[in-house]
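Here the structure is laid out as structure tokens; the discussion comes afterwards.
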Amino acid sequence: MKALECYQPRGIAKLLFYLFLLWTVICCISVISNNDYFIEGIVCSIFFDMTIFLTIFGILVYKITATDECIIIRKWYGRRVKVKIDDITKVVFATLSGKPVDATRIHIYKGKKKVLSLDPVMENYDKMKNYLLDHIGEEKIEIIT
């Protein structure tokens, strides 16, 4: 089976990237025009720019990949968590209609620990939801209304 990927929307990262560029230009103009606070302006610019950069990086890095035998979650800085389908103890579908097909949020548990949460805003959310319904046994599925 081809690997199925689910990730955060890339539009948010693009928006933050443009905010990053705009803030950098504004800080450069401000620092150049006001020599009294040159060092403070540079420090604030670097701090804010690094915060936006790390947020963009976190959005672009976070990805969930599902194959036939496991689910791989890539988090910050390349950290990966691998969960085998057999090790999943519970999948919780939060839904208003009582049907897992209409789930508004999905939580995956390994043992008692929540390993993963899926939001409907994520790219390929519906495909991942269908994958979980196909590969997880009925005894592991829990529906919360």
Side-chain angles (χ1 to χ4, degrees), residues 1-31 37-145:
M1 176 185 161
K2 182 180 168 186
L4 175 65
E5 293 182 346
C6 187
Y7 45 86
Q8 295 289 350
R10 302 302 193 214
I12 296 171
K14 287 180 185 176
L15 179 68
L16 285 174
F17 180 72
Y18 292 130
L19 179 65
F20 170 76
L21 291 178
L22 178 67
W23 176 257
T24 304
V25 169
I26 289 172
C27 284
C28 288
I29 292 171
S30 174
V31 166
Y37 299 105
F38 184 78
I39 300 297
E40 291 87 350
I42 295 291
V43 170
C44 288
S45 174
I46 290 171
F47 178 74
F48 192 73
D49 283 350
M50 289 306 296
T51 304
I52 292 176
F53 177 74
L54 288 175
T55 305
I56 292 169
F57 184 71
I59 289 171
L60 293 177
V61 166
Y62 188 75
K63 181 171 63 172
I64 302 154
T65 306
T67 62
D68 283 335
E69 63 271 352
C70 66
I71 297 175
I72 302 167
I73 306 136
R74 189 174 71 183
K75 296 184 177 185
W76 282 87
Y77 305 114
R79 183 172 159 242
R80 296 172 75 177
V81 177
K82 190 174 187 179
V83 180
K84 292 183 180 178
I85 298 294
D86 298 335
D87 295 341
I88 294 174
T89 56
K90 180 170 63 169
V91 178
V92 178
F93 289 89
T95 178
L96 299 174
S97 67
K99 299 176 186 175
V101 176
D102 301 329
T104 56
R105 182 176 278 274
I106 301 171
H107 302 288
I108 298 175
Y109 290 85
K110 178 181 177 182
K112 292 185 178 184
K113 183 181 177 186
K114 181 171 64 171
V115 179
L116 173 63
S117 291
L118 295 169
D119 293 323
V121 296
M122 297 177 86
E123 301 286 331
N124 296 327
Y125 171 78
D126 292 329
K127 291 179 183 176
M128 187 65 77
K129 177 176 54 176
N130 293 333
Y131 168 85
L132 289 171
L133 288 171
D134 292 340
H135 287 81
I136 302 296
E138 290 288 326
E139 67 279 355
K140 295 181 182 179
I141 293 177
E142 183 177 323
I143 300 170
I144 297 177
T145 55

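The model shown is predicted, which means the values in this text are computed figures rather than measured ones. Because only heavy atoms are used, hydrogens play no part in the values below, and waters and symmetry mates are left out as well, while side chains stay in.
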Next on the checklist: So which atom in Lys140 and which in Ile85 form the shortest heavy-atom distance, rounded to 0.1 Å?
Outcome noted: NZ-O, 3.7 Å
Next on the checklist: Less than 4.5 Å apart, side chain to side chain, heavy atoms only: is that true for Cys6 and Lys127?
Outcome noted: no
Checklist entry - What residues, two or more places apart in sequence or in another chain, satisfy side-chain contact (heavy atoms from CB on, under 4.5 Å) together with Ile144? => result Val92, Glu142
Checklist outcome for this item: Rounding to 0.5 Å, atoms CD1 (Ile73) and CG (Leu118) come to a distance of 9.0 Å
Item to check | Thr89 side, atom OG1; Ile108 side, atom CD1 - distance, nearest 0.5 Å | outcome: 10.5 Å
Checklist outcome for this item: Between the CE atom in Met128 and the CD atom in Glu5, the distance rounded to the nearest 0.5 Å is 8.5 Å
Item to check | Residue of the set Val91, Ile64, Val81, Ile88 for which side-chain contact (heavy atoms from CB on, under 4.5 Å) holds with Leu116 | outcome: Ile64
Checklist entry - Hey, what do you get for CG (Asp86) to CD1 (Ile136), rounding to the nearest 0.5 Å? => result 9.0 Å
Checklist entry - Near Phe48 CZ, under 6.0 Å, is it more than 12 heavy atoms from other residues, nucleotides or ligands? => result yes
Checklist outcome for this item: Heavy-atom closest pair (Glu123 atom, Gln8 atom, distance to 0.1 Å) is CG-O, 4.2 Å
Next on the checklist: Return the OH to CG distance between Tyr125 and Asn130, rounded to the nearest 0.5 Å.
Outcome noted: 10.0 Å
Next on the checklist: Quick check against the 3.5 Å criterion: does Arg74 have a side-chain atom that pairs as donor or acceptor with the backbone of Val61?
Outcome noted: yes
Checklist outcome for this item: Rounded to the nearest 0.5 Å, the CG atom of Asp87 sits from the CD1 atom of Ile71 at a distance of 10.5 Å
Checklist entry - Do you know which two heavy atoms are closest between Ser117 and Arg105, and how far apart they sit? => result CB-NH1, 3.9 Å
Next on the checklist: I'd like to check Ile106 versus Lys129 (side-chain heavy atoms, cut-off strictly below 4.5 Å). Are they in contact?
Outcome noted: yes
Checklist entry - Would you say Tyr131's side chain and Thr67's backbone share a donor-acceptor pair under 3.5 angstrom? => result yes
